[in-house]
Number of protein chains: 2
Amino acid sequence: MEIACFIEAADRHCQQQGVKLTALRRQVLELVLSYSGVVKAYQVLADLQKQRGIAAPPTVYRALDFLVAAGLLHKVDALNGYIVCHHVGCSHEGLILVCGDCGRVEELDATPVLDVLRQQAGGAGFAISQQNLMLTGRCEACRT
Amino acid sequence: MEIACFIEAADRHCQQQGVKLTALRRQVLELVLSYSGVVKAYQVLADLQKQRGIAAPPTVYRALDFLVAAGLLHKVDALNGYIVCHHVGCSHEGLILVCGDCGRVEELDATPVLDVLRQQAGGAGFAISQQNLMLTGRCEACRT
DNA sequence: TCTCAAATGTTACGGTATAACAAGGTGATT
DNA sequence: AATCACCTTGTTATACCGTAACATTTGAGA
Ligand SMILES: [Zn+2]
Ligand SMILES: [Zn+2]
Ligand SMILES: [Zn+2]
Ligand SMILES: [Zn+2]
C-alpha cells in the first residue's frame, strides 16, 4: 500500500532528524495522506474525531505544525491547507502547483529558480529564508 | 505629500479601467497607505471605525477586494494581510519580499522569473495564471 | 422624474488559529 | 525505585479572519 510505504519512510526520516513521530502525529499524517490534494485542518479534525471520539483544534494544529517542521507536509497559505510532500529526504525547496479548479497538486523542485530569486532579492538587501513557492493555475485535465 | 500623489495616480488608474474609486474605497486606500508595510483587514477596520464611528467587516473586505482587483493592493496570503502596490500602471507581476522581523516590504518585477516558472510548470501540464510571488526573509536593516 | 444596477449598511454566522494551563508520559540522574 | 526535567497531549476558552444574506442607499442613464 502506498500509504504504509510513505509512513515507513516518514518514520525513518524522523528518526534521522532526532524527532519523534508519535502515534498521534502518525495518525494525522495518515489522515492527510488519505486525501489526494489539499487538506484543511478542520477536515483532519473531523476525521480525527470520527476515529477517536474527541479531539480539539490544538491537537490537530500541533500535529500539523510538527509535520510541516519535519518536512513531511507543506502548508498552502493561499488555501489555508496542507499537502503531503512527495520529496521527503531529498533536501529541497518545493515548487508547488495547485489547480484552482480541481485541487490537484504537483510538486517540483524549486531549487534552481530560487537561486535566481535569491540573487534578485539580494540586490534589494533581502536575505531569503528557506521556503516553498506556490503557484496556482489549471492542470492539464482541467484544461482539456 | 506622498500619499496624496499616490491617490491621484490611483484615481487616474481607476478611471482608465472604467471602475470607480469611491469615497469609501479611497478612504480605505488612504488607511492602508498610512502604514509602511503589511496591513491587516481588522486593523483597517479599527481605523475606519475611529474615523466614521461605525463600520462592519464586509465594508472593509469589499473595499480591499476591490482595491486588489484594481491592482492597487496586493494580498499577502502568508500573513493574512495587504500591501500597497508600488508599480501601478506598469503592467506587472510582483515579486514581493516581506521581512519576517520588521514587516518591511519591497516589490520587484517577477516577470522574468515567472517566465522560467511557467516553462517549468508547463512541463508538468500546468498553465499558471497571472499572479504574484511572495518570499519571506530578512531585510538589510534587520540583519545589521 | 423614473428605473435599474452598483455600492454600502447591517446582522449574523462559520471557518481559522492560538493562548494558557492542566495532566500525562518518558528517559536520565541519583 | 524515586526524583526530576522535559516533551507531548488534553482541555477550555477565546481571538482572529472572512463571508452569506438581505436591506437600504446612491447615482447614472432613459
Ligand atoms: Zn516537498
Ligand atoms: Zn485540475
Ligand atoms: Zn504590484
Ligand atoms: Zn526587517
Side-chain angles (χ1 to χ4, degrees), chain A residues 10-11 14-15 17-32 35 38-70 72-83 98 100 103 134, chain B residues 10-11 14-15 17-32 35 38-70 72-83 98 100 103 134:
Chain A
D11 233 331
C14 287
Q15 238 166 342
Q17 311 270 320
V19 296
K20 280 181 286 190
L21 187 64
T22 64
L24 174 64
R25 290 163 177 173
R26 182 193 319 262
Q27 191 178 5
V28 168
L29 179 55
E30 281 168 0
L31 289 171
V32 176
Y35 289 88
V38 179
V39 195
K40 312 203 131 203
Y42 273 66
Q43 258 177 315
V44 175
L45 178 58
D47 294 345
L48 201 58
Q49 286 168 339
K50 278 182 204 140
Q51 294 192 355
R52 29 163 69 205
I54 70 160
T59 299
V60 64
Y61 276 105
R62 284 194 287 236
L64 290 170
D65 288 348
F66 169 87
L67 294 167
V68 168
L72 297 168
L73 301 182
H74 295 302
K75 187 168 198 315
V76 184
D77 287 316
L79 305 174
N80 297 319
Y82 299 83
I83 61 170
V98 182
M134 308 279 165
Chain B
D11 234 331
C14 287
Q15 238 166 342
Q17 310 270 321
V19 296
K20 281 181 288 190
L21 187 64
T22 63
L24 173 64
R25 290 163 176 172
R26 183 193 317 263
Q27 190 178 6
V28 168
L29 179 55
E30 281 168 0
L31 289 171
V32 176
Y35 289 88
V38 179
V39 194
K40 313 204 131 201
Y42 272 66
Q43 257 177 314
V44 176
L45 177 58
D47 295 345
L48 202 58
Q49 286 169 339
K50 277 183 204 139
Q51 295 192 353
R52 30 163 69 204
I54 72 161
T59 299
V60 63
Y61 276 105
R62 286 195 284 235
L64 290 170
D65 287 349
F66 169 87
L67 294 167
V68 168
L72 297 168
L73 302 181
H74 294 302
K75 186 167 199 317
V76 184
D77 287 316
L79 305 174
N80 297 320
Y82 300 82
I83 62 169
V98 181
M134 309 277 167

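In the text below, chain A, chain B and the rest are named by the order of the sequence lines, each starting its count at 1.
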TODO: For the pair B:Q49 (side chain) and B:I54 (backbone), establish whether a donor and an acceptor sit closer than 3.5 Å, ignoring hydrogens and angles.
DONE: no
Open item on the list: Can you say whether a donor on the side chain of B:Y42 sits under 3.5 Å from an acceptor on the base of D:dG18, or the other way round?
Closed with: yes
TODO: State whether the side chain of B:R25 and the backbone N or O of B:L67 hold a donor-acceptor pair below 3.5 Å, judged by distance alone.
DONE: no
Open item on the list: Of the options C:dT10, C:dA17, D:dC17, whose atoms approach the side-chain atoms of A:N80 most closely?
Closed with: C:dA17
Open item on the list: Can you tell me which nucleotide in C:dT11, D:dG18, C:dT16 comes closest to the side chain of B:K75?
Closed with: D:dG18
TODO: Return the nearest nucleotide to the side chain of B:I54; candidates are C:dT10, D:dT8, D:dC17.
DONE: C:dT10
Task: Atom-to-atom span, CG of B:L48 to P of C:dT8 - whole angstrom - done: 11 Å
Open item on the list: From the set C:dT18, C:dA7, D:dA20, return the single nucleotide nearest to any side-chain atom of B:T22.
Closed with: C:dA7
- [ ] Round to the nearest Å and state the distance from A:R52 atom CZ to D:dT8 atom C1'.
- [x] 12 Å
TODO: Verify, without hydrogens or angle tests, whether A:Q43 (side chain) and A:K40 (backbone) share a donor-acceptor contact under 3.5 angstrom.
DONE: yes
Task: Presence of A:K40 side-chain N/O under 4.0 Å of C:dG15 phosphate oxygens OP1/OP2 - done: no
Task: Shortest side-chain distance from A:L24, nucleotide among C:dT10, D:dG10, D:dT8 - done: D:dG10
Task: Options C:dG9, C:dT18, C:dT16, nucleotide nearest the side-chain atoms of A:D65 - done: C:dT18
Task: Between A:Y42 and A:N80: side-chain donor-acceptor atoms closer than 3.5 Å - done: no
Task: Atom-to-atom span, CG of A:L79 to C1' of C:dT16 - whole angstrom - done: 14 Å
- [ ] Measure the distance from CG on A:L45 to P on C:dG14 and round it to the nearest whole Å.
- [x] 16 Å
Task: Closest-nucleotide 5' rank along DNA chain C - winner of B:P57 and B:R25 - done: B:R25
Task: DNA chain D: 5'-proximal contact among A:F66 and A:P58 (nearest heavy atom) - done: A:F66
Open item on the list: Between C1' on D:dT8 and CZ on A:R26, what's the gap in Å once rounded to a whole number?
Closed with: 15 Å
Open item on the list: For C:dG9 and B:T59 - does any side-chain N or O of the residue sit under 4.0 Å from the phosphate oxygens OP1/OP2?
Closed with: yes
Task: Whichever of B:Q43 and A:A56 has its nearest DNA chain D nucleotide further upstream toward 5' - done: A:A56
- [ ] Please determine if A:K75 and A:D65 form a salt bridge, counting it only when a charged side-chain N lies under 4.0 Å from a carboxylate O.
- [x] no
Open item on the list: Looking at D:dG18, I'd like to know if its phosphate oxygens (OP1 or OP2) sit under 4.0 Å from a side-chain N or O belonging to B:Y61.
Closed with: yes
Open item on the list: For C:dG9, does the base pair up with any side-chain atom of B:R62 as donor and acceptor (N or O, under 3.5 Å, distance only)?
Closed with: yes
Task: Distance in angstrom units between A:L64 CG and C:dA17 C1', rounded - done: 11 Å
